[in-house]
Amino acid sequence: MKLRYILPAAALACTALFTSCLKDLEVENINPKQVSTFNEDYIFNKIYGNMVLTGQEGPSGNGDLDDIDEGTSNMIRQLWNANELTTDEAHCVWNDPGLPEFNHNAWSNTHPMMKALYYRLMFGVTLCNFYLDNANDGSASTKQKRAEARFMRALHYYYLMDLYANPPFLTKLSSENAPQIQRADLFKFLESELLDIIGEGTGDEILADARTIEYGRADKAAGYLLLARMYLNAQVYTGTAKWAEAQKYADKAIATSYSLCTASKNGFSAYQLLFMGDNDSNGAQNEIILPALHDGDQTQTWGGCLFLIAAMGNDKISAADLYGQFEADGVTALTGYGTKEAWAGIRARKQFVQAFFPGVATDAGVPQGSLKDLVAAAGDDRALFYTKGHTLSISDETDYTKGFPYIKFNNIHADGTAGHHAAGQFVDTDFPMLRLGEAYLISAEADARLNNGTCTAAGFQRIKDLHNRAEIKATNPIYSKTSFNLEDIIKEWSREFGFEGQRRMHLIRFGMYGGQSNYRWEWMGGSKNGTPFESRFNIFPIPDTDLNANPNMKPNYK
Amino acid sequence: MKQVNIKLPFRTLALIVGLFLAMGAFAQNITVKGHVKDATGEAIIGATVRVAGTQNATVTDFDGNFTLQTKQGADIQITYVGYQVANVKAASNVEVTLKDDTAVLENVVVIGYGRAKKSDLTGSVTAIKPDEKNHGLNINAQDMISGKIAGVSVISGDGTPGGGAQIRIRGGSSLNASNDPLIVIDGLAMDNYGVKGLANPLSMVNPNDIESFTVLKDASATAIYGSRASNGVIIITTKKGRSGQKPTFNYSGNMSISTKKKTLDVMDGPSYKNFIKNLYGEESAAYKALGYLDANGNTQYANTDWQEEIFRTAVSHDHNLTMSGGMKNMPYRVSVGYTNNQGILKTSSFERFTGNFSISPTLLQDHLKFNINGKGMIAKNRYADGGAVGSAVWMDPTKPVRGDNDIYKDYFGGYAQWYSKANIDGAANWAYSANSNATANPVALLDQKNDRATSKSLMGNIEADYAIHGFEDLHLHMNAAMDLATGKQKTDIPSNSYTNNYFGTTGWSTQDSYNLQLSLYAQYLKDFNKDHHFDIMGGYEWQHFHRKSDWRSYGLWQAGNTSHAEGDHYEDPVETGTKTKEETENYLVSFFGRMNYTYLDRYMVTFTLRADGSSRFNWMKGNANQQWGIFPALALAWKMKEETFLKNIDVLSDAKMRLGWGVTGQQEGIGDYTYIPVYQPNINSHALYPILGDGTTYRPEPSNPKLTWEKTTTYNAGLDLSFLNNRLEFNLDWYYRKTTDLINTVYVSAGSNFKNKVTSNIGSLHNTGFEFMTTVRPIQTKDWQWEVSYNFTYNKNKIDELISGEGDDYFVETGGGGTGTGGTVQAHAVGQSVSAFHVYQQVYDQNGNPIANTFVDRNGNGYLDSGDKYYYYKPAADVLMGLSSKVQYKNWDLGFSMRASLGNYVYNNVAAGGMNVGSGSVYTLGYLGNRQIDAVNRGFTNPTEQQYYSDYWVENASFLKLDNITLGYSFDKLFGNRINGRVYATVQNVLTITDYSGIDPEVSSGIGGDMYPRPFTTILGVSLNF
């Protein structure tokens, strides 16, 4: 064999080999778990799903966010914590890092839950931007879906504006560092965006008329109500009040085909029906404008309504307790809520109880009993407290028997059918992100604001409509009131929307939150009887991680 | 080189050979009859017997005899692999005893794509042969190099039988990308996938089959492996037979007993009861939750030491049988091994069967050499539920392991558990279920989980080396290799378990992978007169890695259910079909070359170059092609001893100076497709959002089209000295390694990608270090031999640049932490060590006790925020030392190995996680949790988030470990000369000296969690040759 033959032969063989081998480097993703083609509808589902789902494997396992416990990253769970635990309504006895800081109004820019919520909301914005960049076929149905995606983006930005004031701002997908927007500018953007998609602007991407599309999707009523909520708080966000606009859009929502749920069913009051496992079909769906859909089988999460139901509980409460009976002591679970999950952590603060039992300061003033007893004693269907074995005051902030459980949400189906999750953990209860009742109270408050702090007859009637639905009894002092002023209204917000994740914005609007010392609640600012805290806590800090990664972002306070 | 120059030497050579042959024909000859044997008197078969300087040669026959015609008194040379060359003068009868040439063997080192004489090495390369006499229990190959090589740190994961280890060469050059070295077994570069059920690729090889480890440390040595070499390369070769050798057999086996060493101090039953009484009062629900109800409904209080209940004394054994020899020109070696390793955590065990063969036939008068290896392995793992270790610390000590209580018996198989009322569709007969928030009974966790895996692997390679006929200076080399691995894990948990109450679970998961490699290279060796030596190599390599996995897992509806038939599947993912399957692959195509030039056997230059193309980086249209990288290296060496001014200094046996520079890459530890945008559909049917269609959701996945590999530039300077005929050896190395384009998964600007964290190239870091190794042989007499080896490593790393953020305050969070909701206690920051602890500074009272929730306001803004965190130590050691000693007196040997690690810190996650002894924590969510006595004494009752991120939990975990002590006795005349061998006894993991308060200070990540403790083991072993 000679070298002169070997070398060319080898070279030839190698060339052939190399060409095919170099082609090997151009791989495609062969993972059957993932797909490469855009699907408009499936991204659309994910946009809405961001309110409830935490990842692509229910209830957990493939989370949307890194560096946070997946259940903790749930949007509703953290919206709720941020807006309730920091107020006169709720307290959590668990000691998970971040919860004492919520309870005590003492968070910093490393707060793990507010960090998770920030990225959860920005993830929703990014999904919407991505959808809007890609869903462009010009068809009528796509135009309507684009309007919904813009609505959902506005909803995410609304929460960012409310909580973090000055978030990153992008309306298109971009790998560049996002610019920061100031709160007032974001307000302007959201205002024009929402007006456009309810058909009062120049665009042709319009939301569907109220109740003409699937339950669960945003229609014009959702646009009206979110606008009304923004206008109601406009002074906080921009420095300029917009009470008339608030009333206008609240009334527009009321004028749609949505209606208050007023009919009771199988022993459950109309008000209770709003927060039950079958609230998508028991009559509550007439009032719920934007539900965050929950299904014990299809939308499993460790947050959302499961969190609201399981965390309120007491491990002694049984099904019978919803109807007024107790079970004997023993180690049991709150099967009465329609889930076996019993986390026993969240309690009503004294000031919230006092919204129903004014002037009551000690345990003796409240009957020991279950929901029916308390509803009867208060003369108000909304007084859904469970008091047996619990004290009114949270004298020890880590003892779960201190403070009353407020059993508003449950997973019982009013029609007697079983929950959808066979193992009895996950819940079917939809969370009302927007419900018509809010339009009634916005209308009434705006009415009072425009009339020197007291409602006109029109505003008075709005509140009366809510009272009638709550079956206010003559024994209840609010029954015989002939006028409502702002002091009544801030309490009414608590009674009607208690534990619905709204309280913080109402207190701030009424000047009853950070930076004042007139109004105090238990554990406010970290002490038993309440200590005022600084006004900087009226907004949450931009998380350190984003300050760190995005040089455009400036801290909300030094 | 010009063409004419190739032809000329070739023709000249042919002419010279022809002349020699002609000369032989005219000489006056005698017949030489001879016999060749080894030191033990055994005949050597197949030894080459050659008349010096001629082609007149023969080989010895089966009895070691030969006959040869040559001139009286001619020089006859006898050569045989593994023996020193023997020279005799031709006579009619000669008898030759060949001497074992271990020195020669030790002096040849396997390097990347070739071999080199140790004395000719220009890079920082350490080769060791496993010490047959001074080692502990070697279940995995990494056990053999732990503490033995400067610059190499081996930290076993934990005490899990058959468990893996973290291997770091010179401290790791990466942040998030893998810091694991590339492992090459018989020429095959292993993938990073591992095998389902096995810890790492090293588990596939039986340690008894390993001939040598070569660790390539600096870039001048590793650059030949290009884009995968930044963290060093470990080359493993397996043992071979010897040609012409009669079949010999070896049996080695051992038996060992392992026990646990240390547990955490938690409250016992009576003191816990007292603690609860003081905390909550006797009327409290918490106090009532203590103890358990007996069959008569009376409350009883047990006193269970849960940490005692979960462990056992474990018995293990290990057997290996080897046959090796040579059939004429075909050396062979066949071995089988069996390991049965019981874990000290109840139910855990590891069983492995290995088979290994190698044949090395030589054809065409030594011109064509084959080397064929096959390794098969079957491993059976039984996993203990590792959660039991943590549960044993937390479980209420007043609960019994089992209780005679109807609820325990009916729903939990008799085990005590925390339970709550059940609410299962149609299962009114199943009244109670586990309280899923509570601590599980650790003994039940172990007993009720049947979790086992079977892993199989098959590795094989065919290596051919052809020295071209008539042009023997040029070798063509080919290595075709493959590695197939398959593993299946099955998990069964009964319906009366804590974790899967009512439904139970039955499931499996599989992983199959293959790795194919073809390497081709040509090597040209040439001496141009005595002064110039060239060794030039050039080649090509193609490698394909592929992995796929699948799983299935479901529960069953139980009898008596009114809504579902008994035995129907619950939560069975089969409905969602392919959503359980995963598949991924990557390719690597490379061209490489190396040139060595030696002048006067004194001055040496090595230049290497590799071009790597990797499918892990972007090739797609519209993007810059990121697939190709070039990795050059240059090294110089000077054998000072050969210089005239040192040549006559007898006390100095050897002296060499080395200088090296090179660039290497790193591309492991990232996905195969990070640059390809894809969507993740919902994986199961519980992540739907039912508004359009069936509610399917797609999540766009984050991608980074710009991602490329890391590059590390290394500078190395070394000095090798040896004195007094090698009785005193020193190796010194200094290095500086700079890594750029660091790959890390970091927070990105919110809104700029589909996840808050994305894998990116973010900055640079450097490592500087110093290594020192010495071997001293103070006593070398006929009866006494004593050898002491010591190594010292100093390494420091610092992050130089992090580009995705700006400003001095930028950092990248990393590592885990003591909280349930995310958060980290470590960060990478410019000017700091990698993974430095990033914590608040605890405030202490006058007595030196920490004050809860009180930290130094380091940025002075009046309140506590992230700006108050500071950088406080790091997990990597500053200094590592290894010391081993071996003394032999006649037939006795005594050895020990020690290791020290200084300046490594650990965040005590177990202490931090269990610090809360307040009433809101001890009895919560319907169960009681035990606490460490330290936590009770500390008395933190309401810690804030920041308390978890306190420097208080970061402890100095420097340690000194006595790894093993071995006493052995060798014998050589058992049963009338037929059998020789050795018996030995070893104690392993003998002693640890440390200030760290957790179970074990040796924690690779710096986060000390619940850990399967490393056992104390006593071993008795025997090795027999026959």
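Side chains are part of it too, since the values below use all heavy atoms of this structure and drop only hydrogens, waters and symmetry mates. Naming convention: chains lettered A, B, ... in sequence-line order (proteins, then strands); numbering from 1 in each chain.
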| query | Does the gap between the ring centers of B:Tyr840 and B:Tyr949 come in under 6.0 Å? | reply | no
| request: Determine, for A:Asp64 against B:Lys755, whether the closest basic-nitrogen to carboxylate-oxygen distance falls under 4.0 angstrom. | output: no
| request: Select one option (side chain, backbone, both, neither) describing which atoms of A:Leu293 are under 4.5 Å from chain B's heavy atoms. | output: both
| message | Heavy-atom cut-off 4.5 Å, strictly under: side chain, backbone, both or neither for A:Thr301 against chain B? | response | neither
| note | If one checks every heavy atom of A:Ile43 against chain B at 4.5 Å, the contacting part turns out to be both
| query | Side chain, backbone, both or neither: which part of A:Val93 has a heavy atom under 4.5 Å from chain B? | reply | backbone
| task | Go through the structure and list residues passing salt bridge (charged side-chain N to carboxylate O under 4.0 Å, His left out) with A:Glu28, not counting sequence neighbours. | result | none
| Are the charged groups of B:Lys869 and A:Asp544 less than 4.0 angstrom apart, N to O? | no
| field | chain B contacts, top residue of A:Thr54, A:Thr37, A:Asn552, A:Leu121 (heavy-atom pairs, under 4.5 Å) | value | A:Thr37
| request: Counting only heavy atoms closer than 4.5 Å, note whether A:Ala423 contacts chain B via side chain, backbone, both or neither. | output: both
| task | Examine whether an atom of A:Ile30 lies under 4.5 Å from a heavy atom of chain B, and if so say whether it belongs to the side chain, the backbone or both; otherwise answer neither. | result | both
| query | Between A:Met553 and chain B, which part of the residue has a heavy atom less than 4.5 Å away: side chain, backbone, both or neither? | reply | neither
| Quick one: what part of B:Asn437 sits under 4.5 Å from any heavy atom of chain A, side chain, backbone, both or neither? | side chain
| said: Does any part of the side chain of A:Lys33, heavy atoms only, come nearer than 4.5 Å to the side chain of B:Thr580, both counted from C-beta? | reply: no
| task | Could you tell me which portion of B:Thr584 (side chain, backbone, both or neither) has an atom closer than 4.5 angstrom to a non-hydrogen atom of chain A? | result | backbone
| remark: side chain to side chain contact (heavy atoms under 4.5 Å, CB included) with B:Asn501: of B:Trp430, B:Tyr432, B:Tyr419, only one passes, and it is B:Trp430
| message | Just checking A:Phe38 against A:Phe130, ring centres under 6.0 Å apart? | response | yes
| field | Under 4.5 Å from any heavy atom of chain B - which part of A:Asp546 | value | side chain
| B:Gln947 versus chain A, heavy atoms under 4.5 Å apart: side chain, backbone, both or neither? | neither
| said: Less than 4.5 Å to any heavy atom of chain B: does that hold for the side chain of A:Phe426, its backbone, both, or neither? | reply: neither
| Is it the backbone or the side chain of B:Tyr673 that comes under 4.5 Å from a heavy atom of chain A, or both, or neither? | side chain
| Basic-acidic side-chain contact under 4.0 Å: B:Glu583, B:Lys581 | no
| note | Whatever's closer than 4.5 Å to a heavy atom in chain B on A:Tyr48 counts as both
| Tell me, side chain or backbone of A:Asp396 under 4.5 Å from chain B's heavy atoms, or both, or neither? | side chain
| query | For A:Glu101, what residues pass the salt bridge (charged side-chain N to carboxylate O under 4.0 Å, His left out) criterion, not counting sequence neighbours? | reply | none
| Relative to chain A, which segment of B:Phe503 carries a heavy atom at a distance below 4.5 Å: side chain, backbone, both, or neither? | side chain
| said: Salt bridge or not between A:Glu148 and A:Arg217? Use side-chain N to carboxylate O under 4.0 Å. | reply: yes
| task | Run the salt-bridge test on A:Lys145 and A:Asp41 with the 4.0 Å N-O cut-off and return the result as yes or no. | result | yes
